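The structure under discussion appears below in the form of structure tokens.
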Amino acid sequence: MGYDEHKNLAGHRPVACAIITCSDTRTPDNDLSGKLIRQLLEAAGHSVAFYAISPDDPAAIRSLLSQLTAQPGLHAILLNGGTGIARRDNTFDAVSSALHKTLPGFGEIFRMLSHQSIGSGAILSRATAGIIVASPDRHLVVFSIPGSPHAVELAMTQLIIPELSHLVWETLR
């Protein structure tokens, strides 16, 4: 069975998501990217079951990921921020060490699309995605994207929302 048949079988199913903004400076009041992720998910018929702002600290991020993998009914985790190369950008390292399966195409295509808007600076992004296995019968889809509103809009509208239901369906099979 090919991609189109799989995607058609998956259909559009509402996905329960968690949003984590990884930042040492963001607050619920000024977290524009976290708000944008929520808005785009809900507009697409998905729900947000959890939202938090975490310091861009690997131990804090891993702890949140661990808590969320234990939360029944949650199918996807979307992190924003901390994907660059600055000293305090630790999200990629924390997330990638937790992934059981990676989706390398996500980061590759995200950087290609980013290059079309911002040029060579796209190589600084360590956007990534994959699957965390919470238990033998429970897998979660995880996306880690840059924290700028432009990057969030690009990732959400061009890649994540169009495939979210399909990705979750694949993890349930």
Side-chain angles (χ1 to χ4, degrees), residues 15-28 31 33-34 36-38 40-41 46 48-115 121-149 151-152 154-156 158-161 163-173:
V15 175
C17 301
I19 300 170
I20 303 171
T21 296
C22 301
S23 173
D24 296 328
T25 59
R26 297 273 161 82
T27 67
D31 181 15
S33 294
L36 181 57
I37 292 170
R38 175 185 293 271
L40 292 169
L41 284 170
H46 304 297
V48 176
F50 178 89
Y51 165 78
I53 296 177
S54 172
D56 197 351
D57 172 73
I61 295 166
R62 281 192 296 269
S63 175
L64 267 174
L65 289 173
S66 179
Q67 290 172 34
L68 291 170
T69 58
Q71 196 171 91
L74 190 66
H75 294 104
I77 303 171
L78 293 87
L79 301 96
N80 73 94
T83 61
I85 59 167
R87 288 183 185 161
R88 285 297 296 165
D89 287 337
N90 296 299
T91 306
F92 170 83
D93 305 297
V95 170
S96 63
S97 69
L99 297 176
H100 294 90
K101 293 183 180 183
T102 61
L103 296 169
F106 172 77
E108 293 163 359
I109 295 171
F110 175 78
R111 283 181 284 281
M112 182 205 60
L113 293 171
S114 294
H115 182 267
I123 68 170
L124 277 71
S125 169
R126 297 186 297 160
T128 192
I131 307 298
I132 291 178
V133 177
S135 68
D137 60 343
R138 187 157 176 280
H139 299 186
L140 288 91
V141 179
V142 179
F143 294 96
S144 179
I145 60 178
S148 78
V152 164
L154 175 71
M156 295 296 294
Q158 298 295 309
L159 300 170
I160 296 172
I161 289 175
E163 290 298 325
L164 187 58
S165 293
H166 182 203
L167 284 163
V168 169
W169 177 79
E170 289 284 354
T171 68
L172 297 171
R173 300 178 347 110

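Side-chain atoms are counted along with the backbone in the values below, which use heavy atoms only and exclude waters and symmetry mates. Since the model is a prediction, treat every value here as computed from it, not as a measurement.
Under the salt bridge (charged side-chain N to carboxylate O under 4.0 Å, His left out) criterion, no residue pair touches residues 54-73, with sequence neighbours excluded. Pairs passing the side-chain hydrogen bond (donor to acceptor under 3.5 Å, both in side chains) check and including a residue from residues 68-79, sequence neighbours excluded, do not occur.
Note that CG of Leu41 is 5.5 Å distant from CG of Leu78, once rounded to the nearest 0.5 Å. Put simply, OG1 on Thr91 and CG on Leu79 are 6.5 Å apart, with the number rounded to the nearest 0.5 Å. In this structure, CD1 on Ile77 lies 11.0 Å from OG on Ser144, to the nearest 0.5 angstrom. The CD1 atom of Ile61 sits 6.5 Å away from atom CG of Asn90, with the distance rounded to the nearest 0.5 Å. One finds the CD1 atom of Ile132 at 5.0 Å from the CG atom of Leu65 (value rounded to the nearest 0.5 Å). Atom-to-atom distance recorded for His100:NE2 and Ile131:CD1 is 11.0 Å, nearest 0.5 angstrom.
Among all heavy-atom pairs drawn from Ala76 and Leu164, the shortest one is CB-CD1, 3.9 Å. Counting all heavy atoms, side chain and backbone alike, Pro28 lies closest to Ile53 at N-CD1, 3.4 Å. Minimum heavy-atom separation, Gly147 to Arg26: O-NH1, 3.7 Å. Taking all atoms of both residues into account, the shortest heavy-atom contact from Ile85 to Asp89 is N-OD2, 3.3 Å. The shortest heavy-atom contact between Asn80 and Pro146 is CB-O, 3.8 Å. In plain terms, the two heavy atoms of Ser54 and Ala60 that are nearest each other are OG-CB, 3.7 Å.
Considering only residues two or more places apart in sequence or on other chains, Arg87 meets the salt bridge (Lys or Arg N to Asp or Glu O under 4.0 Å) condition with none of them. Residues passing the salt bridge (Lys or Arg N to Asp or Glu O under 4.0 Å) test with Arg126, sequence neighbours excluded: Asp93. Contacts of His166 classified as side-chain hydrogen bond (donor to acceptor under 3.5 Å, both in side chains), with partners at least two apart in sequence or in another chain: Glu163, Glu170. Listed by chain and residue number, nothing satisfies the ring pair (Phe, Tyr, Trp, His ring centres under 6.0 Å) test with Phe110 (two or more places apart in sequence, or in another chain). Not counting sequence neighbours, the partners of Arg88 by the salt bridge (Lys or Arg N to Asp or Glu O under 4.0 Å) test are Asp24. With sequence neighbours excluded, the residues forming a side-chain contact (heavy atoms from CB on, under 4.5 Å) with Ala129 are Leu103, Phe106, Phe143, listed by chain and number. Phe92 pairs by the ring pair (Phe, Tyr, Trp, His ring centres under 6.0 Å) definition with nothing, not counting sequence neighbours. With sequence neighbours excluded, no residue satisfies side-chain hydrogen bond (donor to acceptor under 3.5 Å, both in side chains) with Ser114. Remark: Glu108 pairs with no residue by the side-chain hydrogen bond (donor to acceptor under 3.5 Å, both in side chains) rule, at least two apart or across chains. Taking Ser63 as the reference, Gln67 meet the side-chain hydrogen bond (donor to acceptor under 3.5 Å, both in side chains) condition, with sequence neighbours excluded.
The shortest side-chain heavy-atom distance between Ile145 and Val152 falls under the 4.5 Å cut-off. Using a 4.5 Å cut-off on side-chain heavy atoms (C-beta onward), Ile20 and Leu68 make contact. Val15 has its side chain within reach of Ser165: a pair of non-hydrogen atoms, C-beta onward, lies under 4.5 Å apart.
Of the possible donor and acceptor atoms, none in the side chain of Ser125 sits under 3.5 Å from a partner among the backbone N and O of Arg111.
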